[in-house]
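Take a look at the structure below.
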Amino acid sequence: MESAIAELDRRFEIPGTAQVVEGNGGLPKVRITAPEVAGEMYLHGAHVTSWKPADGEEVLFLSSQSRWEDGRAIRGGVPICFPWFGDKTDNPKAPAHGFVRAKAWQLESIAQVGGAVTVSMFTESDEGTKKWWPADFRLVHRATFGRELSLELVVTNTGRTSLRFEEALHAYHRVGNIEKTRVRGLDTIHYIDKTDSNLKKTQHGEIMIVSETDRVYLNTTDAIELEDPILRRRTRVAKENSGTTVVWNPWMQKAHSLSDFGDDEWMQMICIETSNVSDFAVDLAPGQQHTMKALVKVSDL
Ligand code: TA6
């Protein structure tokens with residue numbers, strides 16, 4: 001009896017470029033080994049866990065303590081938050097950041113375009129999702145691995161009533177040392193400080209991380225630049241159809257409280273999250289579609 005993973009590989013493999021293989025915890029993943037790029041994407045949460053342009057180093061952070069099991073989110077890479085961000089306001093029992101990051105998605109296609117590889121996965125409303133959220137929807141995550149990383153989150157309202165959702169591409173970027181890292185592109189932008197009673201504040205200049213940082217930057221469509229003098233690289237995150245950007249680093253104490261995160265790993269990562277959250281939640285009429293996109297480029301410093 002052919003295993004489910006072997007069957008997926010037979011259907012979708014691009015010889016020498018992309019395979020479906022068994023990953024951590026026995027979970028299926030798409031592994032990309034093209035001349036210009038290497039990468040990995042799990043069907044669990046349609047979760048990109050690795051992107052490595054040919055002449056560079058790994059761009060994404062992945063925790064050594066991550067769990068790899070149904071019902072748990074992978075810690076690191078790019079988790080997808082949908083259809084709510086953070087805690088569900090009207091149901092504290094609901095899973096944080098929604099339910100799609102902890103469930104198996106289906107592989108739709110793998111395609112090679114020039115030196116890049118595009119992987120599409122989807123998930124849809126079902127009995128399990130309706131336990132938490134009544135809407136009918138189809139969600140596609142289309143990731144293009146190349147010299148750049150392009151991530152598109154496509155939401156379709158497949159029901160008869162309008163729906164409202166929040167979304168985030170909760171990307172964990174690997175850095176050499178968080179205390180030396182600078183974030184640019186949010187000067188003068190208002191933000192909600194989740195470490196200070198959700199007070200509304202204004203960013204002045206570049207961001208330096210000197211303590212637990214958990215901020216929702218509002219009404220911003222600008223690209224972000226992450227400057228890392230230790231890894232000598234600049235990462236630029238541009239976006240489309242996204243009105244908010246979340247910046248997160250747990251720092252020491254919060255890192256210690258997370259069971260799936262190494263005690264010292266807070267020094268090696270920062271989350272820059274292309275999103276539509278809070279007042280920027282999206283309303284979608286029946287039959288309508290919304291696509292949010294992040295485009296990541298890395299250059300030498
Ligand atoms: O994006 C920042 C944030 O909302 C923080 O509040 C923090 O909780 C982080 O996400 C991680 O959330 P998780 O549910 O993955 O532990």
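Note that ligands are numbered from 1 as they come in the structure, with each ligand's atoms numbered from 1 the same way.
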Q) So which heavy atom in the protein is nearest atom 8 (O) of ligand 1, and how far is it from that ligand atom? A) K254 NZ, 3.7 Å
**Q.** ligand 1 atoms in contact with F85 (distance to a heavy atom under 4.0 Å)
**A.** 1 (O), 4 (O)
Q: Please determine if R138 forms a cation-pi arrangement with F122, meaning its NZ or CZ atom is less than 6.0 Å from the six-membered ring centre and no more than 45° off the ring axis.
A: yes
Q) Can you tell me the protein heavy atom closest to atom 12 (O) of ligand 1 and the distance? A) H97 NE2, 3.5 Å
Q: Spell out, as yes or no, whether a donor-acceptor pair under 3.5 Å connects the side chain of E227 to the backbone of V183.
A: no
Q. If you measure every N/O of W248 against every N/O of ligand 1, is any gap under 3.5 Å?
A. no
**Q.** Protein heavy-atom partner closest to atom 14 (O) of ligand 1 - residue, atom, separation in Å
**A.** R101 NH2, 2.9 Å
Q.
Minimum distance, heavy atoms only, to atom 2 (C) of ligand 1: which one of N249, T195, D214 is it?
A. D214
Donor-acceptor contacts under 3.5 Å from residues 25-35 side chains, at least two apart:
unit_1, atom_1, unit_2, atom_2, d
K29, NZ, E40, OE1, 3.2
K29, NZ, E40, OE2, 2.9

(Q) Quick one, K103 and D126 - any side-chain contact, counting heavy atoms below 4.5 Å? (A) yes
(Q) To check your reading of the model: name the closest protein heavy atom to atom 16 (O) of ligand 1, its residue, and the distance in Å. (A) R75 NH2, 2.9 Å
I'd like a table of donor-acceptor pairs (distance under 3.5 Å, sequence neighbours excluded) in which one partner is a side-chain atom from residues 274-283, with atom names and distances.
unit_1, atom_1, unit_2, atom_2, d
S275, OG, T244, O, 2.9
S275, OG, T244, OG1, 2.8
S275, OG, E273, O, 3.2
N276, OD1, G243, N, 2.8
N276, ND2, E167, OE2, 2.8
N276, ND2, N241, O, 2.8
D283, OD1, R164, NE, 2.7
D283, OD1, R164, NH2, 3.4
D283, OD2, R164, NH2, 2.7

(Q) Determine whether R147 and E36 satisfy the following criterion, salt bridge (charged side-chain N to carboxylate O under 4.0 Å, His left out), listing intermediate values before the conclusion. (A) CA-CA 7 Å; R147 288 191 178 282; E36 285 192 11; 3.6 Å; yes
Q. N/O to N/O below 3.5 Å, does that happen between E273 and ligand 1?
A. yes
Q: For V246, counting its heavy atoms only, list the atoms of ligand 1 lying under 4.0 Å from any of them.
A: 1 (O)
(Q) With a 3.5 Å distance limit and no angle check, can you tell me whether W51 reaches the backbone of G146 through a side-chain donor-acceptor pair? (A) yes
